[in-house]
Amino acid sequence: MKAKLLRMFLPIALVFTLVSCSKDEEATSTNDYRLVTAYDYTAEETDLATRLNDYRASQGLNRLEIVNHISFKSFEHNEYMIENNVVSHDLFELRADNIKHVLGAVKVGENVAYNFSTPASALNAWLNSPGHKANIEGDYTHFGISITINPANGRRYFTNIFMKR
């Protein structure tokens, strides 16, 4: 009896699986290649950008130019993390592809952080992590930053995307 029910519902389940979309699939099919030119930076975002560039300069590295489009993509990722209650690099390849397509990047990197109370504490955590520090000290020319506060709990999400053109 169980085998008969399984054979009956298996084709229905297969059809449902093939036609349904996950959030990841939806995102892959809707990568918007329009240039975002406006982004309103908060005082915290400006502070983090300044601190990051000051650190790079202290290491003898070039300062990075902030790009509104990259900051917007960083903001979108923060919104994704808040909506999905995750801290991740999910869909990074889509963000990198967008930045390469829209801005002509040849290299893209990303740092994320969660629940730090200040830009200084987030930067300090990144600098104490070899992978994040490598991005901060990497061969990049431009970057974008977003700090987004989850309205449900007041916690901050940080995304910092780097680009080399």
Exercise for the section: Please identify each residue that fulfils ring-ring contact (aromatic ring centres under 6.0 Å, His included) with Phe143, with sequence neighbours left out. Expected result: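 Scan of Phe143 (ring-ring contact (aromatic ring centres under 6.0 Å, His included), adjacent residues dropped) gives none.
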
Problem - Pair Tyr80, Ser88: side-chain N/O donor-acceptor within cut-off below 3.5 Å - result: no

List the atom of [X], the atom of [Y], and the distance in Å for their closest heavy-atom pair.
| X | Y | answer |
| --- | --- | --- |
| Ile147 | Glu45 | N-OE2, 2.9 Å |
| Val87 | Tyr157 | CG2-CE2, 4.1 Å |
| Ser71 | Gly144 | OG-CA, 3.3 Å |

Practice task
Could you check if a side-chain atom of Phe162 sits within less than 4.5 angstrom of a side-chain atom of Asn111, using non-hydrogen atoms only?
Solution key: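 Contact flag for Phe162/Asn111 side chains = yes.
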
side-chain contact (heavy atoms from CB on, under 4.5 Å) partners for [X], two or more places apart:
| X | value |
| --- | --- |
| Asp54 | Thr50, Arg63 |
| Ser129 | His132 |
| Lys133 | Tyr55, Leu127, Glu137 |
| Val36 | His69, Phe72 |

In a table with atom names and distances, give each donor-acceptor pair under 3.5 Å that connects a side chain of residues 116-126 to protein atoms at least two apart or in another chain.
| residue | atom | partner | partner atom | Å |
| --- | --- | --- | --- | --- |
| Thr118 | OG1 | Ser121 | N | 3.0 |
| Thr118 | OG1 | Ser121 | OG | 3.1 |
| Ser121 | OG | Thr118 | N | 3.2 |
| Ser121 | OG | Thr118 | O | 2.8 |
| Asn124 | OD1 | Asn128 | ND2 | 3.3 |
| Trp126 | NE1 | Val112 | O | 3.1 |

Handout entry: side-chain hydrogen bond (donor to acceptor under 3.5 Å, both in side chains) partner of Tyr41, chosen from Asp47, Asn68, Thr46
Key =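 That would be Asn68; it is the only one of Asp47, Asn68, Thr46 passing the side-chain hydrogen bond (donor to acceptor under 3.5 Å, both in side chains) with Tyr41.
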
Handout entry: Neighbour count >12 (heavy atoms, 6.0 Å) for atom CG, Asn153
Key =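 Check passes, neighbour count above 12.
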
